[in-house]
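Beneath this line is the structure, given in structure tokens, with notes to follow.
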Amino acid sequence: MMERSTAPEAADTYDAAALEKKWQGRWDKNGTNHCDVAFGSRPYYTLMMFPYPSAEGLHVGNLFAFTGNDIHGRFQRMQGHTVFEPMGYDAFGIHSENYALKVGVNPMELIPKNIDNFRRQLKSAGLMIDWRHELSTTDPKYYKWTQWLFLQLLKRGLAYKKKAGVNWCPNDKTVLANEQVIAGECERCGAKVEQRSLEQWFFRITDYAARLLENLNTLDWSESTKTAQRNWIGRSEGADIRFRVVDFLEIAGAATVMRTSTAEMAAVETDITVFTTRADTIFGATYLVLAPEHPLVERITTDDERERVNEYRARTANRDLVARKVTKDKTGVFTGSYATNPATGEPIPIWIADYVLMEYGTGAIMAVPGHDARDFEFAKAMALPIVRVVAAPGDSDKTPLKAPFEDSDDPARLVNSGRFNGMPVSKGKQEIVGWLEEHDRGRPVVNFRLHDWCISRQRYWGPPIPVIYCDKCGTVPVPEKDLPVELPRVNDFRPDDSGVSPLARVESWYRVACPTCGGQARRETDVSDTFLDSSWYFLRYPSVQLQNVAFDPALTQKWLPVNSYIGGNEHAVLHMLYSRFITMVLHDVGLVPFDEPFKQFRAHGTIVRDGAKMSKSRGNVVIPDQYIEQWGADSFRTYLMFLGPFEEGGDFQDRSIAGVRRFLDRLWSSVVEAKRDGKADAAVVRKLHKTIRKVSEDIPKLNYNTAIAAMMEYLNVVRTGARQALVSEVEPLVQLVAPFAPHIAEELWERLGHKNTVFDSNFPAFDAKLAADDIITVAVQVNGKTRGTIQVAPDVSQDGALAAAMRDETIAKFVPGKPARVIYVRGRLLNLVTGDQ
RNA sequence: GCGGGGAUGGCGAAACUGGUAGACGCAAGGGACUUAAAAUCCCUUGGGGGCGACCCCGUCCGGGUUCGAGUCCCGGUCCCUGCACCA
């Protein structure tokens, strides 16, 4: 044990590099960061979104997030919890693969190197990670269970295959999820995305839409994240309404004209179902529009129009998503057919147009140009009638519509709507849907904009989807005992535009015997989406050492759901939604006892540098290594937390790190030079307890910047007038600082004579009595303007405060006589209102 | 277009349920120590006026509520961010 050092050689500064190396070594050796997952009491699981291990190494944004999480974890540990803080790597995916292609090295070689580099960087940052629980999604021991997960969904009918129009990136030569398409361009390379039709595996996340939405209300998450998920799920209440196609037989061509019996006529009667949220405007529906891909288009198109319709369908079938960008230029063609508006009984023309999407609702709409901007534009372009059926309070049924009137608040009333005239919009909506339902022409419906999750990727670098196709037996799941289906090592893993994965070129791999009949069969050659890898990793961490199970029931019960999850808002929708979905599925099949994986989630902010977003092209990317080397991990960590509110991020400024380092230097010399004996200064003790309170309140709220400011303030008080500190004054400060600057805290803690790690000490407790002031400053205002302050006892009465204020000449001169009114906020402020107010 | 967040000194930022705006830090200026520099320590630092005690103005802009507004309400400007023809 080192002797307590009060030696004069104690420098103004300390050797951060040597000291951090010493403690990182000590932590490793003593297993300080090990978490006893089996027996630890009061478990607390603190999770950070695991990084993609890029070749460039750890990004400062990663470290910002991890440090924030680490502080939280270390604090919880000092509150007596057994804290589990694991780390892993999200190493599959197109990003790694593209990089591997670029440098011409197989990702199987690249990724381990990147991971080693990440681990080294993470260790140098002094995170409280239990490395025995490290995982990588690319490890067959991990993706064995990713494949197993797929089989669980397949077994329950939640995974299915369908041919689907998918987003195809001609540059990356792969299918993209809707989410990876940004304004019609590939999220990664910016190429224009095309549409292709391929057989794909999907997960039925839409079955869970309502529940995914409902449960949000029960979660302690950043509000912005919940809102993003709500919008993504996109619930809307409306109605399906059936429109009967008019005179179908006569226009359907010679073959059908021959049919004459009424039975036959009934059989070919055709309805078009539309979805609308504005059933109240049905009297204003002057035409129908179908998506060009709508299956009924074929049947209702008349011979006269067929050529134009086919031409338009051909043109829009392969439409780029770029064309979907909101545009005022509406295009479309008439099918030649009419449908009856069930409200008015009038025939209205049926058009097709690409502004109606097949994927949403029924792929068909009733167009109400008077009250919908898109329909209005279309009607203008095609010279279709525009009818007013909703009027604002000042308007009549005749007021012309120069622009679409889209208000649906209740001051607006229905007009030109037969017996519904005069009704407020909401009531009209209800009544009209009811009326349609009675006549079997409609029913209330809820739609979600969430689509099923396409998990197929025609790529190399991912877990193969564990399915085998047999000519005799069809689609056969790989038996669980045969997992993992290992990704073969191949030299040529370039994607091509055949529409299939590079694995489809590896015959020795995909040719297998059918597990059922033993006949010749073929493996699925697509791999799964990276989001599947990351949708369950938090379940794997506690059980990562177990090879016979994806996640051990007892460990899962003990550690999950995750207590605190921290990550970037860029994953607020997809990763977080998919994780929730997978957890719900596992819950429903009885594999986990909860149906939400993350009790608490906080989105951290982003760090910009000198006011600009960091990017390679700007050359303003912060490489943590350099700063850690120059200033020490403790200073770097503390600075990152100090530069702004954790949930907002902030501006990284090189020169400001010096301030934090100076703080740690001062802490060092104050502690090293502190004396054991001496009289405690009441003012310092008071400040200490206020600081303890502030820091203990701020850390759980992730208000790290103000917690650090409070500690700085306290140290300034301790050092006022170059006084020598007492051990009793600085020892608690070492503990307060420990979550932020763990290495220096350990060293000082040891020098103060402690044998065990500071992280096994109890975080200092706040004592309200010791924090109480005996004299406080109260602001005095006259008519709301601050004119001075008074020093009074905290419990002084209003009269006492008033008397003290009137003794102050500066204040008194603004109060000519007796104040007409006095407002006294105990301990804060006294406001004197004079008569003329 | 729709949703979310934001605008406070030269800079990063504080400010409890409305209650002394600018804590903490950076930068800058002055001083101490030093042969000198670095480091360290002390002082000053929102703008304007005054020798001074003090006074006036000030939280994106315009209104409002209130004894009192950075904070609440109405209207507007700008910035960042997510989704984008979802009927």
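Nearest to the side chain of A:Arg449, among B:C83, B:U20, B:A87, sits B:C83.
If you take CG of A:Asn831 and P of B:G18, they are 17 Å apart, rounded to a whole angstrom. Atom pair A:Asn783:CG and B:G68:P shows a separation of 8 Å (rounding to whole Å applied). Atoms NE2 (A:His451) and P (B:C83) sit 14 Å apart, rounded to a whole Å. Between the P atom of B:G25 and the CE atom of A:Met711 lies a distance of 12 Å, rounded to the nearest Å. Computed from coordinates, the A:Tyr360 OH to B:C83 C1' distance equals 14 Å when rounded to whole Å. Remark: P of B:C16 and CG of A:Leu829 are 15 Å apart, rounded to the nearest angstrom. One can place CG of A:Asp808 at 17 Å from P of B:U20, the figure rounded to the nearest angstrom. Between A:Leu715 atom CG and B:C41 atom C1' the separation is 14 Å, expressed in whole Å.
Counting heavy atoms of neighbouring residues, nucleotides and ligands inside a 6.0 Å radius, atom CD of A:Gln791 exceeds 12 of them.
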Requested in this report: Could you run through nucleotides 4-15 of chain B and give me one letter per nucleotide, 5' to 3': B if any protein heavy atom sits under 4.0 Å from the base, S if only the sugar-phosphate is that close, - if neither?
Outcome: S-----BSBSS-
Report summary line: In B/S/- notation (B base, S sugar-phosphate only, - none; protein heavy atoms under 4.0 Å), nucleotides 45-58 of chain B written 5' to 3' is ---------SSSS-
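Two residues are said to be in side-chain contact when any heavy atoms from C-beta on lie closer than 4.5 Å; A:Met614 and A:Ile607 meet this criterion. With contacts defined as side-chain heavy-atom distances shorter than 4.5 Å, the pair A:Arg580/A:Gln229 qualifies.
A:Lys330 forms a cation-pi arrangement with A:Tyr355, by the criterion of a distance under 6.0 Å to the ring centre and an angle within 45° of the ring axis. A:Arg661 forms no cation-pi arrangement with A:Phe636, by the criterion of a distance under 6.0 Å to the ring centre and an angle within 45° of the ring axis.
Nucleotides B:A21 and B:G47, compared at atom C1', are 14 Å apart to the nearest Å. For the P atoms, the distance linking B:A14 with B:C79 amounts to 23 Å, nearest Å. Atom name C1', nucleotides B:U44 and B:A27: the rounded distance is 14 Å, in whole Å. If you take atom P in B:C80 and the same atom in B:G25, they sit 32 Å apart, rounded to whole Å. Rounded to whole Å, the separation between the C1' atoms of B:C61 and B:C24 comes to 30 Å. Taking atom C1' on both B:G29 and B:U45, the two are 8 Å apart, rounded to the nearest angstrom. With both ends at atom C1', the span from B:G64 to B:A15 equals 24 Å, rounded to whole Å. Only the C1' atoms considered, B:G18 is 15 Å distant from B:U59, to the nearest whole Å.
The side chain of A:Arg662 contributes an N or O atom lying less than 4.0 Å from OP1 or OP2 of B:C26. Dashed line: the shortest gap from a side-chain N or O of A:Arg828 to OP1 or OP2 of B:C16 is not under 4.0 Å.
When each of A:Arg719 and A:Asp372 is assigned the nucleotide of RNA chain B bearing its nearest heavy atom, the one mapping closer to the 5' terminus is A:Arg719. Both A:Ala709 and A:Val825 lie close to RNA chain B; mapped to their nearest nucleotides by heavy-atom distance, the more 5′-ward contact belongs to A:Val825.
For A:Phe601, the ring pair (Phe, Tyr, Trp, His ring centres under 6.0 Å) criterion is met by A:Trp221, A:Tyr565, not counting sequence neighbours. By the ring pair (Phe, Tyr, Trp, His ring centres under 6.0 Å) test, A:Phe405 pairs with no residue at all, sequence neighbours left out. Under the rule for a side-chain contact (heavy atoms from CB on, under 4.5 Å), the partners of A:Ala658 that lie at least two apart in sequence or sit in another chain are A:Trp631, A:Arg662.
Across all strands shown, A:Asn569 has no heavy atoms under 4.0 Å from either base or sugar-phosphate atoms.
The shortest heavy-atom contact between A:Arg666 and A:Arg719 is O-NH1, 3.3 Å. For A:Phe646 against A:Phe64, the heavy-atom pair with the smallest separation is CE1-O, 3.4 Å.
Counting atom types as modelled, A:Glu570 pairs no side-chain N or O with a base atom of B:G82 as donor and acceptor under 3.5 Å.
Side-chain N or O atoms of A:Tyr578 include none that pairs as donor or acceptor with a backbone N or O of A:Ile205 at under 3.5 Å. In terms of modelled atom types and a separation under 3.5 Å, the side chain of A:Glu647 and the main chain of A:Leu702 share no donor-acceptor contact.
For the side-chain contact (heavy atoms from CB on, under 4.5 Å) test with A:Leu296, the passing option among A:Asp271, A:Thr335, A:Ile272 is A:Ile272; the others fail.
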Query raised in the report: How would RNA chain B look in dot-bracket form, 5' to 3', counting Watson-Crick and G-U wobble pairs with both distances under 3.5 Å and writing | for bases paired to another strand?
Result: (((((((..(((......[....))).(((((.......))))).((((....))))..(((((..]....))))))))))))....
